[in-house]
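Not measured: the values here are computed from a predicted model. All residue numbers refer to positions in the sequence shown, counting from 1.
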Amino acid sequence: GPQSSRKRAIAMAMVLTLSPYLPASNLFFPVGFVIAERVLYLPSIGFCLMVALGLHLLNARIKRKNCDIETINNDTEQTDISKCTSSYWTWFGMSGWPLLVCILLHTVFTVKTLQRNVDWWDMDRLGQAGLTTNPTNAKIHFTIANNLAQKGQRVCEKHYRKAILLRPQYTAAWINLGLVLVNMDRPKEAEDAYATALRLNPASGNAHTNYGHFCRLQLRWQEAVHHYAQALKKRQGDPVLLFNQGLCLKQIGNYTAAEETWRLCLQYHPTHGDAWHELAKLCGKTKKGGDQVKKGQWTTGQRAKLAEGAFRSALRYKPNKEGVWLDLTQLLTFNGKLQDAELVIRQAISSVSSQSATAYYWLGNVMQKRGLHTEAEKHFKHALRLDPKHSQARRAVSQLPGGNA
């Protein structure tokens with residue numbers, strides 16, 4: 001009957017309201033967001049259904065009270081509300097107070113929606129709205145701090161520290177505070193923040209990553225290698241971690257491990273131009289066993305071929321990086337591939353190095369080795385016009401027959 005249908009509708013409204021909301025309510029376990037509208041989409045269906053049921057019941061009660069009741073068979077049968085007449089004007093079956101309540105609800109929630117839309121205009125307004133609603137929520141301070149940090153505003157430190165004050169175990173806030181302190185040239189405080197983050201969560205990949213970057217900037221290569229290795233346990237194959245770990249291994253003289261790390265990086269990210277460049281330089285400057293060649297020299301034979309291939313791969317993905325062009329030119333020149341070297345350095349000058357004194361110096365160097373001394377002198381002198389203090393170009397000019405730098 002009508003009563004059972006009404007009860008089923010109320011039960012459905014309650015289920016739609018509570019069931020989707022409870023998992024995101026923070027009642028049973030913490031969740032990673034604050035007053036998120038997205039968690040209210042399904043509950044709002046149940047809420048709207050309950051409001052509609054309430055208005056329907058209110059409307060029926062008022063119609064029963066105010067209409068002219070007609071009875072049939074001298075009050076022996078029940079009154080049919082649908083046959084009543086009302087002195088109020090109607091809209092969608094509602095009249096009187098129910099209609100006014102409905103209009104009021106529509107108006108209030110329309111205004112609230114428009115006001116909330118303004119909060120979502122940008123991250124600044126959204127953060128301030130959240131802070132006004134819940135000033136003691138660490139997540140809100142953390143979000144505001146991240147937004148300010150992206151803009152380079154130092155006031156972000158205040159919000160990170162407020163988030164930590166509200167939630168001392170907030171590992172992410174400690175990590176980001178450390179990064180801000182590094183950028184503010186306060187390394188001691190930054191290291192304390194990273195150490196605290198790792199004490200709170202020793203397995204945090206993000207904490208090890210940032211601590212590794214910090215140690216690398218402080219030239220503490222061995223420590224950086226350790227933290228990158230720990231981070232890679234959580235972020236296996238991360239090309240940034242592998243690339244930076246390779247740089248640190250190279251700095252401590254472990255060239256074999258550095259080469260293996262960069263090759264692994266390129267397996268995961270074949271288009272990593274900087275990794276190709278570093279691998280090429282390493283192959284070009286070390287022998288097969290990992291020993292370095294003499295300063296100013298390059299490898300020959302198979303290692304030189306590996307280096308050349310890596311340099312050309314680097315140029316494929318980093319065509320605007322002048323250092324790759326210059327290094328490849330030097331490798332080819334040292335191995336006697338003078339025509340290839342000339343082609344490479346001329347391509348560099350035409351594309352990225354038209355104002356580079358070093359590029360013109362190397363073009364002159366190639367021309368000199370080819371016996372074209374007049375053209376070599378022209379390029380050396382052009383290099384000096386671009387940079388009068390270029391020591392290699394000055395030395396090259398002075399060594400030319402009748403040269404005068």
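Salt-bridge annotation for R263 and E260: absent, with no side-chain N of the basic residue lying under 4.0 Å from a carboxylate O of the acidic one. The pair R370-E375 does not meet the salt-bridge criterion, since no charged nitrogen lies less than 4.0 angstrom from a carboxylate oxygen.
The distance from the CG atom of L249 to the OG1 atom of T256 is 10.5 Å, given to the nearest 0.5 Å. T17 OG1 to L22 CG: the interatomic distance, rounded to the nearest 0.5 Å, is 10.5 Å.
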Stepwise side chain to side chain contact (heavy atoms under 4.5 Å, CB included) test for R161 and L165 | CA-CA 6 Å; R161 293 194 182 278; L165 181 65; over 6 Å; no
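Between F380 and Y361, the distance from one ring center to the other falls under 6.0 angstrom.
Residues A224 and G212 approach most closely at CB-O, 3.6 Å, considering heavy atoms. Across every non-hydrogen atom of E322 and S353, the tightest pair is CG-OG, 3.1 Å.
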Hey, can you pull the donor-acceptor pairs under 3.5 Å for the side chains in residues 228-247, sequence neighbours left out?
| unit_1 | atom_1 | unit_2 | atom_2 | d |
| --- | --- | --- | --- | --- |
| Y228 | OH | H213 | N | 3.4 |
| Y228 | OH | H213 | ND1 | 2.7 |
| Y228 | OH | R216 | NE | 3.0 |
| R235 | NH1 | T209 | OG1 | 3.3 |
| R235 | NH2 | N206 | OD1 | 3.4 |
| D238 | OD1 | V240 | N | 2.9 |
| D238 | OD1 | L241 | N | 3.1 |
| N244 | ND2 | V240 | O | 3.3 |

Only pairs under 3.5 Å count here: list side-chain donor-acceptor contacts from residues 169-182, not counting sequence neighbours, and write none if there are none.
| unit_1 | atom_1 | unit_2 | atom_2 | d |
| --- | --- | --- | --- | --- |
| W174 | NE1 | P168 | O | 3.1 |
| N176 | ND2 | N146 | OD1 | 2.9 |
| N176 | ND2 | Y160 | OH | 3.4 |

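V293 has its side chain within reach of K287: a pair of non-hydrogen atoms, C-beta onward, lies under 4.5 Å apart.
A search for ring-ring contact (aromatic ring centres under 6.0 Å, His included) contacts involving H379 returns nothing, not counting sequence neighbours.
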